[in-house]
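A short worksheet on the structure shown next.
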Number of protein chains: 2
Amino acid sequence: MHQPEHLKNVGLKSTVPRLKVLSLFESGRGRHMSAEDVYKLLLASGDDVGLATVYRVLTQFEQAGLLVRHYFEGGKSVFELNQGTHHDHIVCLQCGHVEEFYDAAIEAHQEKAASERGFQIRDHSLYIYADCTKESCPNK
Amino acid sequence: MHQPEHLKNVGLKSTVPRLKVLSLFESGRGRHMSAEDVYKLLLASGDDVGLATVYRVLTQFEQAGLLVRHYFEGGKSVFELNQGTHHDHIVCLQCGHVEEFYDAAIEAHQEKAASERGFQIRDHSLYIYADCTKESCPNK
DNA sequence: TTTGCGAATGATAATCGTTCTCATTTGCGA
DNA sequence: TCGCAAATGAGAACGATTATCATTCGCAAA
Ligand SMILES: [Mn+2]
Ligand SMILES: [Mn+2]
Ligand SMILES: [Zn+2]
Ligand SMILES: [Zn+2]
């Protein structure tokens, strides 16, 4: 999918740590990952990259539009590949399972609520915290 | 408004620091406040309370249902008086002005989106980040 | 290719918000 | 008024993230 040129196209020089982080996200070995997640997965696969570099690269990728950052509850940022289309998230409070959804009606009502009050929307975040019904979920 | 009995009613003994924090929220000197905001406002008014106590009391008030905690972007928790009715927030990215709103249609669609996917909603957070149209806003 | 240099990296220190520890104080029922 | 569990406050500890800085690397010019 992505090649070294992709990094150049967004103004970042192609380096080993950057390519490793990008290919991890593209490998599908984790969709919503924290800096620590990325760091540990890279270590586990023998690719050792400094933790500080992981943080730097994630922020650079976010600014370059390659990744999207989320602030779930819990205090740590979570990143995912930017695939162009916006979506919101449902997070299971028991098992942490994250499901993505997009609801055009909700998006439209948000736009309406903001413009009625004289605001021009730049961004928004909607997280639904819930209990899921997966078999594997401790929530029996 | 609130009196010492209110604390007892929610299972907390009436202490000086707790009463000070509660009356600060009730004074209207700030609606959405972080622990640091509360700490500094109390110090400024001559009521010195330890920072650790401020954190403890805010968490206790949240658990007791007196306050609601929000996780705005920026990494720090923000609290406001729980006035019984849920609402969401629009935050101006330029001046930080926060406006509250409630949209029954959005709430209903969230419920629908979650139940359709087998989730039982426990909580949710919706923040709209925007540019406001206040005269005082740097966003001219 | 080799070279040169500014950008990138990684080990580690520092920062920030928050929680923990523990000796001291306080609220409040007996 | 006492007694004691609960609450407080100062400061240490913590987890996530950022800053510092000496070393290494990417890459373009020669
Ligand atoms: Mn997602
Ligand atoms: Mn509010
Ligand atoms: Zn679950
Ligand atoms: Zn504004």
Side-chain angles (χ1 to χ4, degrees), chain A residues 2-24 32-43 45-64 66-79 96, chain B residues 2-24 30 32-43 45-64 66-67 69-79 96:
Chain A
H2 278 277
Q3 297 296 323
E5 307 85 63
H6 289 76
L7 289 178
K8 299 216 185 82
N9 291 340
V10 296
L12 296 171
K13 74 167 63 167
S14 176
T15 67
V16 171
R18 284 174 183 159
L19 290 170
K20 284 177 180 170
V21 171
L22 189 51
S23 66
L24 172 58
H32 301 95
M33 293 187 282
S34 67
E36 195 70 25
D37 292 337
V38 170
Y39 178 65
K40 286 181 175 159
L41 282 173
L42 289 181
L43 282 196
S45 60
D47 302 308
D48 50 324
V49 175
L51 179 57
T53 299
V54 169
Y55 274 102
R56 273 188 300 242
V57 169
L58 290 174
T59 298
Q60 291 159 351
F61 282 6
E62 179 198 11
Q63 291 169 345
L66 294 177
L67 296 180
V68 175
R69 180 196 297 257
H70 297 291
Y71 299 92
F72 290 176
E73 285 185 18
K76 62 181 68 168
S77 289
V78 171
F79 300 81
Chain B
H2 278 277
Q3 298 296 324
E5 308 86 63
H6 289 75
L7 289 178
K8 299 217 185 82
N9 291 341
V10 295
L12 295 171
K13 74 166 63 166
S14 178
T15 68
V16 171
R18 285 173 182 159
L19 290 170
K20 284 178 179 170
V21 171
L22 188 51
S23 65
L24 172 59
H32 301 94
M33 293 187 282
S34 67
E36 195 70 25
D37 292 337
V38 170
Y39 178 65
K40 285 182 175 160
L41 282 172
L42 289 180
L43 282 195
S45 61
D47 301 309
D48 52 324
V49 175
L51 180 57
T53 300
V54 170
Y55 274 100
R56 274 187 299 242
V57 169
L58 290 175
T59 298
Q60 290 160 350
F61 283 6
E62 179 198 11
Q63 292 169 344
L66 295 176
L67 296 179
R69 180 196 298 257
H70 298 292
Y71 299 92
F72 289 177
E73 285 185 19
K76 62 180 68 168
S77 289
V78 170
F79 300 80

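From a predicted model like this one, the values you see are computed outputs, not experimental measurements. We name chains A, B, ... by the order of the sequence lines, and we start the count at 1 in each one.
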Rounded distance (Å) that lies between atom P of C:dT26 and atom NZ of B:Lys8: 18 Å
Which of A:Leu58, A:Leu51, A:Thr59 passes side chain to side chain contact (heavy atoms under 4.5 Å, CB included) with A:Tyr55? Answer is A:Leu51
With respect to the phosphate group of C:dT19, does any side-chain polar atom (N or O) of B:Tyr55 fall under 4.0 Å of OP1 or OP2? no
Could you tell me whether B:Arg56 contacts a base, only the sugar-phosphate backbone, or nothing, with contacts defined as non-hydrogen atoms closer than 4.0 Å? base
Name the closest nucleotide to the B:Arg18 side chain, picking from C:dC28, C:dA11, D:dA7. D:dA7
Distance, rounded to the nearest Å, where A:Leu19 contributes CG and C:dA8 contributes P: 13 Å
Of the nucleotides D:dG26, C:dT12, D:dG9, which has the atom closest to the A:Val16 side chain? D:dG26
A:Glu36 atom CD is separated from D:dC14 atom P, nearest whole Å, by 16 Å
Test side-chain contact (heavy atoms from CB on, under 4.5 Å) applied to A:Val10 and A:His6, step by step: CA-CA 7 Å; A:Val10 296; A:His6 289 76; over 6 Å; no
Hey, what do you get for NE2 (A:His70) to CD (A:Glu62), rounding to the nearest 0.5 Å? 10.0 Å
For A:Lys13 and D:dG26, is the shortest distance between a side-chain N/O and OP1 or OP2 below 4.0 Å? no
Quick one: B:Asp37 CG to C:dT18 C1', roughly how many Å, whole number? 15 Å
Kindly say if A:Ser77 contacts the phosphate of D:dT17, meaning a side-chain N or O under 4.0 Å from OP1 or OP2. yes
Looking only at D:dA16, C:dT18, C:dA11, the nucleotide nearest the B:Ala35 side chain is C:dT18
Give the minimum heavy-atom separation between A:Ala35 and A:Val54, together with the two atoms involved. O-CG1, 3.6 Å
With heavy-atom distances below 4.5 Å as the criterion, would you say the side chains of A:Phe61 and A:Leu7 are in contact? yes
Can you tell which of C:dC28, D:dT17, C:dG10 lies closest to the side chain of B:Ser14? C:dC28
For the pair made of OH in A:Tyr39 and P in D:dA16, what is the distance, rounded to whole Å? 13 Å
Interatomic distance where CD belongs to B:Glu62 and P belongs to C:dT18 [whole Å]: 12 Å
Value for CZ (B:Arg69) from CD (A:Glu73), rounded to nearest 0.5 Å, stands at 9.0 Å
Can you measure A:Lys20 atom NZ to D:dG26 atom C1' for me and round it to whole angstrom units? 15 Å
Please check: side-chain N/O of B:Arg18 versus main-chain N/O of B:Lys13, any donor-acceptor pairing under 3.5 Å? yes
Report yes if some heavy atom in the side chain of B:Ser77 is under 4.5 Å from a heavy atom in the side chain of B:Tyr71; otherwise report no. yes
Quickly work out the B:Leu58 CG to D:dT8 C1' distance and round it to whole Å. 15 Å
Quick check for you: among C:dC28, C:dT19, D:dG9, whose closest atom lies nearest to any side-chain atom of B:Pro17? D:dG9
Winner on side-chain proximity to A:Leu51, out of C:dC20, D:dT17, C:dG10, is D:dT17
For DNA chain D, what string of dots and brackets results from 5' to 3' when Watson-Crick and G-U pairs need both distances under 3.5 Å, crossing pairs get [ ], and pairs with another strand get |? ||||||||||||||||||||||||||||||
Below the 4.0 Å mark, does C:dA7 have OP1 or OP2 next to a side-chain nitrogen or oxygen of A:Thr15? no
